[in-house]
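Computation of the quantities below employed the complete heavy-atom set of this structure, encompassing side-chain atoms and omitting hydrogens, waters and symmetry-equivalent molecules.
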Amino acid sequence: MKYYIETFTPKPAWLELSKEERAEYMNRIALSSQPLVDQGGEVVVMSENDSDTVQGLKHQFFVIWKFPTDELAKAFETLGLEEGWYNYFDQFNLKGGDVDITEKLVNL
């Protein structure tokens, strides 16, 4: 199992689109993401980032995904590149599995 966390804020290019263009783009993203969902990808949560989070990232939104394999998570990354997502959003991503990191932290 892989978890994938996207944190992002709209760029001016996104804000310059009309509401209709934004809706059309988001519909296209939903359709192109559907095969990943059909293969077991799952959105855990989509949310606006609370601005009062201690040591929080400054990005406005985040999405947490679960993917059954690393290959599917990488396919998701490829989809974002192919669909031009990063043209519209300033973004940081995190990806990893369910691992107890305590020993790793102790042994640094």
Minimum-distance pair of heavy atoms, taken over all atoms of [X] and [Y]:
X	Y	result
Leu15	Arg22	O-NH2, 3.1 Å
Pro68	Gly40	CD-O, 3.5 Å
Gly41	Leu72	N-CD2, 3.8 Å
Ala13	Asn87	CB-O, 3.7 Å

Is it possible for you to say whether [X] and [Y] belong to one hydrophobic cluster, with membership spreading through side-chain heavy-atom contacts below 4.5 Å?
X	Y	answer
Phe67	Met46	yes
Leu57	Ile5	no
Leu81	Val63	yes

[atom1]-[atom2] distance between [X] and [Y], expressed to the nearest 0.5 angstrom:
X	Y	atom1	atom2	value
Asn107	Ile101	CG	CD1	12.5 Å
Ser32	Trp85	OG	CH2	10.0 Å
Leu17	Met26	CG	CE	11.5 Å

Step-by-step side chain to side chain contact (heavy atoms under 4.5 Å, CB included) determination, Lys2 to Phe76: CA-CA 12 Å; Lys2 288 289 181 171; Phe76 174 71; over 6 Å; no
Gln39 side-chain N/O to Pro35 backbone N/O, donor-acceptor pair under 3.5 Å: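 At least one qualifying donor-acceptor pair exists.
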Pair Asp98, Tyr3: side-chain N/O donor-acceptor within cut-off below 3.5 Å: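 Side-chain D/A pair, Asp98 to Tyr3: absent.
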Val44, Thr7, Val43, Leu94 screened by side-chain contact (heavy atoms from CB on, under 4.5 Å) with Ile64, the one that passes: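 The single option meeting the side-chain contact (heavy atoms from CB on, under 4.5 Å) with Ile64 is Val44.
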CD/Glu24: more than 12 non-hydrogen atoms of other groups inside 6.0 Å: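 Check fails, neighbour count at 12 or below.
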More than 12 heavy atoms from other groups under 6.0 Å of CE on Met1: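 It does: Met1 CE has more than 12 such atoms within range.
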For Phe8, the option from Trp14, Tyr86, Phe89 that meets ring-ring contact (aromatic ring centres under 6.0 Å, His included):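 When Trp14, Tyr86, Phe89 are each tested with Phe8, the ring-ring contact (aromatic ring centres under 6.0 Å, His included) holds only for Phe89.
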Residues Tyr88, Tyr25; criterion ring pair (Phe, Tyr, Trp, His ring centres under 6.0 Å); working and verdict: CA-CA 10 Å; Tyr88 294 118; Tyr25 182 80; 5.0 Å; yes
4.5 Å side-chain heavy-atom contact, Lys95 and Lys74: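 Yes; the side chains approach each other to less than 4.5 Å.
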Side chain to side chain contact (heavy atoms under 4.5 Å, CB included) between Phe62 and Val45, worked out: CA-CA 8 Å; Phe62 68 94; Val45 66; 4.0 Å; yes
